[in-house]
Amino acid sequence: FDMFVLAFVERLFRPTYRKDDFVLGKKLGEGSFGVVYRVSLAKKPSSKEGDLVLKKATEYGAVEIWMNERVRRACANSCADFVYGFLESSAKKSGEYWLIWRFEGDATLADLIQSKEFPYNVETMILGKVQDLPKGLERENRIIQTIMRQILFALDGLHSTGIVHRDIKPQNIIFSEGSRTFKIIDLGAAADLRVGINYIPKEFLLDPRYAAPEQYIMSTQTPSAPSAPVATALSPVLWQLNLPDRFDIYSAGLIFLQMAFPGLRNDNCLIQFNRQLKRCDYDLVAWRKSVEPRCGSDLRRGFELLDLDGGIGWELLTSMVRYKARQRLSAKGALAHPYFDREGLLALSFMQ
Ligand code: ADP
Ligand code: MG
């Protein structure tokens with residue numbers, strides 16, 4: 001109950017906004033469930049507010065506001081900084097949910113991995129300076145390791161809060177220029193299992209390019225849509241039984257794969273990879289056996305990178321991308337994996 005009062009008081013003292021407070025800027029994205037704009041405030045308040053981002057969302061907006069409020073209180077650093085959300089009902093339509101975040105930066109991980117410079121473009125963004133070291137696999141591995149650590153750290157925050165994202169992909173990972181780290185965005189498909197919000201998986205929300213093979217987060221034996229109090233009582237057990245967080249781990253593993261293999265960074269290649277992996281019954285080792293003997297220099301470079309330090313990167317990848325959810329590492333488990341023992345970019349800057 002105290003938590004409820006605290007949340008209420010905190011909300012009272014936060015600025016509230018209405019439709020007319022915003023001046024629309026550039027359109028940043030448009031999905032099936034909403035449109036995202038960069039916006040600024042019509043009247044700049046005394047406190048200095050930077051640029052903001054507005055999402056005008058349809059029916060899933062209510063859930064997305066709930067998720068963002070929860071993240072704000074429980075694991076603020078995992079996701080983009082949420083400012084405010086409200087139902088805008090003056091619109092002619094039945095009403096839209098408006099969600100406001102602080103503008104974190106121009107680039108998502110999807111933009112960054114498409115660059116020929118990747119991962120060196122990210123190195124400069126994280127360190128703020130150009131490294132005076134020879135380019136090569138070792139250095140690329142350190143940068144990718146740092147990005148993976150940040151993604152897993154953010155995921156661990158969400159999962160520890162009881163939230164499964166369900167749409168982890170490079171397009172939903174933003175580089176925060178303020179903190180020089182990667183953060184997660186787009187909680188529109190997320191599920192909060194502790195209180196049963198968005199409990200029934202909306203499988204049509206899932207992006208087939210990054211979705212784990214189980215599709216449904218909970219097994220089919222799970223009773224569907226229990227009322228909220230029942231879900232609260234049951235969910236820690238269900239969490240243990242079904243390990244729904246491992247769905248995000250699979251997606252994060254595919255991001256790791258795309259960073260390691262330049263040839264798998266574009267959509268068509270990823271779709272083709274998914275087909276090949278399915279044919280190998282989701283066994284990465286079997287996939288490797290089938291492609292390595294006849295693969296081009298592009299794929300070979302990825303294997304070389306993952307084989308560094310006794311193949312510790314490959315070991316991590318194969319512990320994330322697995323058919324059975326319970327055989328995948330958790331976010332915490334992945335962070336404790338020996339792949340992260342070396343200090344990544346920090347060690348690099350000390351070496352100078
Ligand atoms: P959807 O995928 O439902 O259209 P997202 O929440 O993923 O909506 O946002 C769409 C795009 O808007 C993102 O890919 C990103 O480019 C941009 N964006 C979203 N939130 C922020 C933010 N806080 N700061 C900067 N850009 C953002
Ligand atoms: Mg998105």
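In listed order, ligands and their atoms are each counted from 1. Just the heavy atoms: all of them, side chains too, but no hydrogens, waters or symmetry mates, feed the values below.
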- Query: Which of parallel (below 30°), tilted (30 to 60°) and perpendicular (above 60°) describes F303 and F261?
  - Reply: perpendicular
Output the list of atoms in ligand 1 that are nearer than 4.0 Å to some heavy atom of [X], sorted by atom number.
{"X": "Q171", "value": "14 (O)"}
{"X": "F103", "value": "24 (N), 25 (C)"}
{"X": "G31", "value": "4 (O)"}
{"X": "A80", "value": "23 (N)"}
{"X": "G105", "value": "25 (C), 26 (N)"}
{"X": "N172", "value": "7 (O)"}

Would you please say whether a donor-acceptor pair under 3.5 Å links the side chains of [X] and [Y]?
{"X": "D156", "Y": "S160", "value": "yes"}
{"X": "E96", "Y": "W98", "value": "yes"}
{"X": "Y210", "Y": "D248", "value": "no"}
{"X": "E69", "Y": "Y84", "value": "no"}

So, [X] and [Y], do they make that salt bridge, N to O below 4.0 Å?
{"X": "R180", "Y": "E177", "answer": "no"}
{"X": "E123", "Y": "R142", "answer": "no"}
{"X": "K55", "Y": "D186", "answer": "yes"}
{"X": "R300", "Y": "D298", "answer": "no"}

- May I have the step-by-step check of ring-ring contact (aromatic ring centres under 6.0 Å, His included) for Y17 and F86, ending in yes or no? CA-CA 8 Å; Y17 296 104; F86 58 99; 8.1 Å; no
[X] side chain near [Y] side chain, heavy-atom distance below 4.5 Å:
{"X": "E315", "Y": "H337", "value": "yes"}
{"X": "Y37", "Y": "V53", "value": "no"}
{"X": "M320", "Y": "Y250", "value": "no"}

- Note on the structure: Of K26, K55, K27, the one whose closest heavy atom lies nearest atom 8 (O) of ligand 1 is K55
- Message: Going by the closest heavy atom to atom 13 (C) of ligand 1, which one wins out of V36, I185, L99, L28?
- Response: I185
- Task: Determine whether any heavy atom of R38 lies closer than 4.0 Å to an atom of ligand 1.
- Result: no
Identify the protein heavy atom lying closest to [atom], giving its residue, its atom name and the separation to 0.1 Å.
{"atom": "atom 20 (N) of ligand 1", "result": "V53 CG1, 3.9 Å"}
{"atom": "atom 26 (N) of ligand 1", "result": "I174 CD1, 3.3 Å"}
{"atom": "atom 24 (N) of ligand 1", "result": "E104 N, 2.9 Å"}
{"atom": "atom 2 (O) of ligand 1", "result": "D186 OD2, 2.9 Å"}

- Query: Can you tell which of K324, R328, R246 makes a salt bridge (Lys or Arg N to Asp or Glu O under 4.0 Å) with E214?
  - Reply: R328
Taking N or O atoms only and a 3.5 Å limit, does [X] qualify as a polar contact for ligand 1?
{"X": "R102", "answer": "yes"}
{"X": "T108", "answer": "no"}
{"X": "E30", "answer": "no"}
{"X": "W101", "answer": "no"}

- Would you kindly specify which portion of D81 sits under 4.0 Å from ligand 1, judged on non-hydrogen atoms: side chain, backbone, both or neither? neither
- Compute both the distance and the angle, then confirm whether R279 meets the cation-pi test with W287: under 6.0 Å from the six-membered ring centre, within 45 degrees of the axis. no
- Query: Taking the Mg ion (ligand 2) as the center, what protein N, O or S atoms are found at less than 2.8 Å?
  - Reply: N172 OD1, D186 OD2
